[in-house]
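Here is the naming used below: chain letters follow the sequence lines, and residue numbers restart at 1 for every chain.
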There are 2 protein chains.
Amino acid sequence: MDDFLAYVCHQVWKLNSCRKVSYTKGRDFFHQGETCSDVFIMTEGLVKLTYVTHDGKEWIKSFIMDKGVFGSRASQSLGQPSTFSATCLEECRALTLPYKTFEAMCVDDPKLAGMTFQFFQWLGLKKELREHDFLCLSAEEQYWKFMDENAVLAGRITQIDMARYLGITPIALSRIKTRQAKIEAKSA
Amino acid sequence: MDDFLAYVCHQVWKLNSCRKVSYTKGRDFFHQGETCSDVFIMTEGLVKLTYVTHDGKEWIKSFIMDKGVFGSRASQSLGQPSTFSATCLEECRALTLPYKTFEAMCVDDPKLAGMTFQFFQWLGLKKELREHDFLCLSAEEQYWKFMDENAVLAGRITQIDMARYLGITPIALSRIKTRQAKIEAKSA
DNA sequence: CTCATCCATAAACCTAGGTTAATGCCAGAC
DNA sequence: GTCTGGCATTAACCTAGGTTTATGGATGAG
């Protein structure tokens with residue numbers, strides 16, 4: 001994964017069709033409902049990918065922290081509008097290029113193609129894991145798993161966003177925390 | 001997706017390292033906790049992929065109906081034990097071959113490699129959609145969506161398995177159905 | 001045919017999480 | 001400094017879903 005990022009960055013950087021962008025906190029890379037087939041290679045910052053439901057509620061699909069690659073696959077592969085938005089939670093820097101250009105690069109560069117394939121495999125495994133967690137874990141178990149595996153990220157987001165990622169309300173998350181704090185106080 | 005299946009079947013069928021298997025209802029293709037790096041190309045039948053949690057509860061990751069490809073990616077890519085089981089809900093026929101063999105085939109056959117890449121993309125999109133549904137939809141909404149998109153499948157599985165797929169208990173599913181039936185009776 | 005098993009439904013009760021509203025805290029704007 | 005807006009917490013109340021148990025129907029074995 002880190003290899004992929006380093007290599008992609010290096011190769012894309014050489015292109016003249018690649019743009020370097022810098023967005024402030026609160027800005028959107030792209031917006032749910034818009035078609036955006038660009039690939040974003042983030043080098044610095046923190047982004048959330050969010051769905052907004054018909055009744056106006058926001059849920060968080062994932063976070064991308066520091067370095068990472070993201071984009072709307074629905075737009076890239078099918079030309080459809082994005083089903084989610086990408087919003088900066090901190091000042092962000094990224095390289096961006098059209099997906100078609102990236103595809104063309106892969107045709108010319110088998111190493112890049114192979115690594116991209118690996119990247120999609122990795123992404124697939126991550127999504128499979130999240131599916132597992134939604135299916136098999138309680139909200140409380142999901143919270144502990146999240147804290148375990150994302151200690152740094154947890155310190156950089158609000159409780160609202162953490163709850164929206166776990167699929168619960170911020171109030172429920174607060175309850176889980178105090179419940180746990182009481183248990184810890186008892187055992188101490 | 002259908003193209004992929006037809007092509008894979010055709011190409012794999014020519015191999016002598018490919019086995020043709022036929023399993024009866026109730027049997028497992030592979031078992032959670034075992035390492036199984038085989039690729040299964042089902043030609044007929046119905047399979048469920050299931051997680052069993054530490055407290056003995058079963059949850060269904062997905063169904064494969066009629067024709068489809070499945071296997072444990074954790075075993076294939078990482079050599080780790082499978083996190084789920086694959087169980088026949090009906091008599092099943094499939095071709096099976098080691099993942100390494102399949103990989104080798106892809107190296108020799110760029111068309112197969114390309115289609116496999118597309119297949120993984122398609123799989124990724126499906127998982128992303130399921131993530132979206134778990135995040136954004138209520139149990140009831142998920143049920144309606146499932147019935148809409150999987151009318152045939154719905155008729156071939158028990159309510160227990162449908163509930164285990166939606167992430168609720170069979171009792172809750174029964175309640176959703178009666179609730180809806182009452183509303184329909186009223187409006188009729 | 002009978003018996004056993006599995007499945008669907010229903011009722012009664014319990015619990016986790018959603019909803020609304022109030023409070024206190026902190027940080028940035030001015 | 002004050003004012004403001006966003007965040008975290010708490011409480012009170014409500015609802016969806018889980019748990020347990022019972023019942024009736026369908027199915028398959030003998």
So which protein nitrogen or oxygen atoms get under 3.5 Å of nucleotides 4-6 of chain C's nitrogens or oxygens?
none

Inset, instruction - For the residue pair K111(B) and Q11(B), confirm or rule out a side-chain donor-acceptor distance under 3.5 Å. - result: no
Inset, instruction - Rounded off to whole Å, could you give me the CZ-to-P distance for the R164(B) and dA8(C) pair? - result: 12 Å
Legend entry - Distance below 4.0 Å between K177(B) side-chain N/O and dA8(C) OP1 or OP2: no
Inset, instruction - Identify, residue by residue, the members of residues 44-60 of chain A with a heavy atom below 4.0 Å from DNA chain C, and return them in order of residue number, or none. - result: K57(A)
Inset, instruction - Please test E58(B) against R164(B) for salt bridge (Lys or Arg N to Asp or Glu O under 4.0 Å), starting from the C-alpha separation and ending with a verdict. - result: CA-CA 7 Å; E58(B) 179 191 296; R164(B) 265 52 180 114; over 6 Å; no
Inset, instruction - Using modelled atom types only, decide if a donor and an acceptor are shared between the side chain of D28(B) and the backbone of H31(B) within a distance under 3.5 Å. - result: no
Inset, instruction - Say whether L49(B) and F29(B) are linked into one hydrophobic cluster, either directly or through other cluster members, by side-chain heavy-atom distances under 4.5 angstrom. - result: yes
Inset, instruction - Please list residues of residues 136-157 of chain A whose heavy atoms come under 4.0 Å from any atom in DNA chain D, ordered by number; otherwise none. - result: none
Inset, instruction - May I ask you to decide if T43(A)'s main-chain N or O and K67(A)'s side chain share a donor-acceptor pair within less than 3.5 Å? - result: yes
Legend entry - Rounded distance in Å - CD1 (I171(B)) to P (dA10(C)): 12 Å
Legend entry - Whether F30(A) and F70(A) hold their rings parallel, tilted or perpendicular, with breakpoints at 30° and 60°: tilted
Legend entry - Boundaries of the chain B footprint along DNA chain D (any atom under 4.0 Å from a heavy atom): dG17(D) to dT20(D)
Legend entry - Pair F120(B) and F120(A), ring centroids less than 6.0 Å apart: no
Inset, instruction - Look at the side-chain N and O atoms of S174(B) and state whether any lies under 4.0 Å from the OP1 or OP2 oxygen of dA8(C). - result: no
Inset, instruction - Identify whether NZ of Lys or CZ of Arg in R130(B) sits under 6.0 Å from the centre of the six-membered ring of F134(A) and within 45° of that ring's axis. - result: no
Legend entry - Distance in angstrom units between K25(A) NZ and dG28(C) C1', rounded: 11 Å
Would you give me the side-chain donor-acceptor pairs under 3.5 Å for residues 147-158 of chain B, sequence neighbours excluded?
from, atom 1, to, atom 2, distance (Å)
N150(B), ND2, F146(B), O, 3.1
R156(B), NE, E90(B), OE2, 3.0
R156(B), NH1, D66(B), OD1, 3.2
R156(B), NH2, D66(B), OD1, 3.2
R156(B), NH2, E90(B), OE1, 2.9
T158(B), OG1, I160(B), N, 3.4
T158(B), OG1, D161(B), N, 3.1

Inset, instruction - List for me each residue that meets side chain to side chain contact (heavy atoms under 4.5 Å, CB included) alongside E103(B), sequence neighbours excluded, and say none if there are none. - result: Y99(B), K100(B)
